[in-house]
Amino acid sequence: MTAVTVTERSYRWIDRLSKLLGVALIAIGLDTGGDTAAGIAFAAAGVACGLATIFVAKQ
């Protein structure tokens, strides 16, 4: 696996935006219906988006 390295400032912005997008996708999933396939898919995408910065290394 290739490591992605960004500056500290860029990491903070990427991290914030991914978390906000993740929360928005989870909210859309809940609004769609938390027990429907579409709602679960939106929520899963939101969790994945929120955790995406775990694999980014800070410089």
Side-chain angles (χ1 to χ4, degrees):
M1 178 184 275
T2 303
V4 177
T5 306
V6 295
T7 63
E8 184 80 26
R9 184 176 183 201
S10 295
Y11 177 81
R12 281 194 310 268
W13 279 105
I14 293 168
D15 188 51
R16 288 176 189 156
L17 291 174
S18 70
K19 301 293 187 276
L20 287 173
L21 180 61
V23 168
L25 287 171
I26 291 171
I28 291 170
L30 290 173
D31 190 48
T32 303
D35 58 348
T36 64
I40 293 170
F42 275 117
V47 169
C49 187
L51 294 176
T53 56
I54 290 174
F55 304 106
V56 177
K58 294 180 272 186
Q59 196 177 36

query: In Å, rounded to the nearest 0.5 Å, how long is the span from CG of Leu51 to NZ of Lys19?
result: 6.5 Å
Between CG on residue Leu30 and CG on residue Asp35, distance to nearest 0.5 Å: 10.5 Å
field: Path from Leu20 to Ile28 over hydrophobic side-chain contacts below 4.5 Å
entry: no
- request: Give, for atom OH of Tyr11 and atom OG of Ser18, the distance between the pair rounded to the nearest 0.5 Å.
  value: 8.0 Å
- prompt: CH2 of Trp13 to OG1 of Thr7: how many Å apart, nearest 0.5 Å?
  reply: 12.5 Å
field: Spacing of Ile14 atom CD1 and Thr53 atom OG1 [to the nearest 0.5 Å]
entry: 8.5 Å
- request: Over all heavy atoms of both residues, which pair between Leu21 and Cys49 is shortest? Give the atoms and the distance, please.
  value: CD2-SG, 3.4 Å
query: What are the two closest non-hydrogen atoms of Val6 and Ser10, and how far apart are they?
result: CB-CB, 4.2 Å
- prompt: Looking at Ala38 and Thr32, what are the two nearest heavy atoms and their distance?
  reply: CB-CG2, 3.9 Å
